[in-house]
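Below: one structure, written as structure tokens.
When a ligand or atom number is given, it counts from 1 through the structure's own listing order.
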Amino acid sequence: MTTLAQYLESHATKPIASTITTLATASVSISHLLAKGALAGIHGEAGNENIQGEAQKKLDVISNDLLLGALTANPHCAGVASEELDEISPANRDGTLLVTFDPLDGSSNIDINMTVGTIFSVLPYHRTGDTATEADFLQAGSQQVAAGYFIYGTSTMLALTLGKGVAMFSFDPNTQTYILINDNVTISESTAEYAINASNYRYWLAPMKEYIDGLVAGDTGVRNKDYNTRWVAAMIADVHRILIRGGVFMYPFDTKIAGKAGKLRLMYEANPMSFVIEQAGGASTDGVKRIMDIAPTHIHQRIPVVLGAKEEVAFVKALHDKAGILANGDKA
Ligand code: AFP
């Protein structure tokens, strides 16, 4: 039996091991709060809006504060950026790492007792000034040194990549430790299961409509096989399902909200999940480009996401290429 501490000891540098341990400790507190649910008085709205203009749940705020407090106290952490906070938080001047996180992905699921999770990404800090600034965070996903998520479902689990495959851990409530259950998580290149919010169909670009039309047509269409749909409406749960049993997840470019290319955030959701999926043998694109090659322009940037089984991701990209779609959704 290998604990997370033992795994980190043999697979990670000291700063990375320490940072992941800090994240894991905070995740245990979040998991305990979630387990108490309504009894802890944490259901409902906190009455604020985050930078994305969404209502914050009480537990979003609590989880954010827990992670922020723990990470800024870690001497290896030079700065922290949270999906819930407008500004980045500079931390320790001698730190060598930057951490971004979505404290509670899928938080609209809390009140209905469904799966939520914490997504994190760890980047190197290349000292440019006295303390970390937003510009220091704007690195492509390919620069990540670690990423993963804690999923609070029927059990609490951690999926972690340090850039050499993906390891899966399960939280043992008896010993209060994460135990390694799979040190080489892989996903199949092909699949017959896809995840998308089809209510946005009319807002999609033509290649995405063409792709989904093909899947819906099943064995009577161009793909010659029947597909199944799953949509939890929490990226964390949809991506976890793909890691466990394969599939493709999409939140594509849409014109629903003017000026926003997609719903998901590059720095808090798309990059860390792309790193995990690629390290498990899958692929990830915004339709035009590999997500981890995108140079971020803003810490809260949103982008379209298509990730999972390689065959499907390549098929979607080929349709976008054929249609001459550019990165901003325009046609060439
Ligand atoms: P919340 O964290 O605000 O609940 O959003 C979750 C999420 O960003 C992502 O995890 C889901 O895939 C996506 O929203 C679901 O969005 P729709 O409600 O538009 O299907």
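A donor-acceptor pair shorter than 3.5 Å cannot be found between the side chains of Y152 and S27.
Those atoms of ligand 1 that come under 4.0 Å of a heavy atom in G106, given as number and element, are 1 (P), 2 (O), 4 (O), 6 (C). Listed by atom number, the atoms of ligand 1 under 4.0 Å from S108 heavy atoms are 4 (O). Counting atoms of ligand 1 from 1 in the listed order, those under 4.0 Å from a heavy atom of L264 are 8 (O), 9 (C). Near M235, the atoms of ligand 1 lying under 4.0 angstrom from a non-hydrogen atom of the residue are 9 (C), 10 (O), 11 (C), 12 (O). Near R265, meaning under 4.0 Å from any of its heavy atoms, are these atoms of ligand 1: 8 (O). Under a 4.0 Å criterion applied to the non-hydrogen atoms of E269, ligand 1 contributes the atoms 8 (O).
An N or O contact shorter than 3.5 Å is missing between N200 and ligand 1 by distance. The distance criterion of under 3.5 Å between nitrogen or oxygen atoms is met by Y251 with respect to ligand 1. Checked against a 3.5 angstrom limit, the closest N/O atoms of D102 and ligand 1 fall outside it.
In the displayed structure, D65 atom CG is contacted under 6.0 Å by more than 12 heavy atoms of other residues, nucleotides or ligands. Atom CD of E87 sits in a sparse spot, with 12 or fewer heavy atoms from other residues, nucleotides or ligands closer than 6.0 Å.
Selection from D254, D105, N109, N197 by nearest heavy atom to atom 20 (O) of ligand 1 gives N197.
A salt bridge between D238 and R241 is present, with a side-chain N of the basic residue lying under 4.0 Å from a carboxylate O of the acidic one. Salt-bridge annotation for D213 and K209: absent, with no side-chain N of the basic residue lying under 4.0 Å from a carboxylate O of the acidic one. A salt bridge links R223 with E312: the distance from a Lys NZ or Arg NE/NH1/NH2 to an Asp or Glu carboxylate oxygen falls below 4.0 Å.
Below 30°, between 30° and 60°, or above 60°: for Y227 and Y194 the angle between ring planes is above 60°, a perpendicular geometry.
Under 4.0 angstrom from ligand 1, the non-hydrogen atoms of F249 all belong to its side chain.
Contact check for Y268 versus F120: no side-chain heavy atoms found under the 4.5 Å cut-off.
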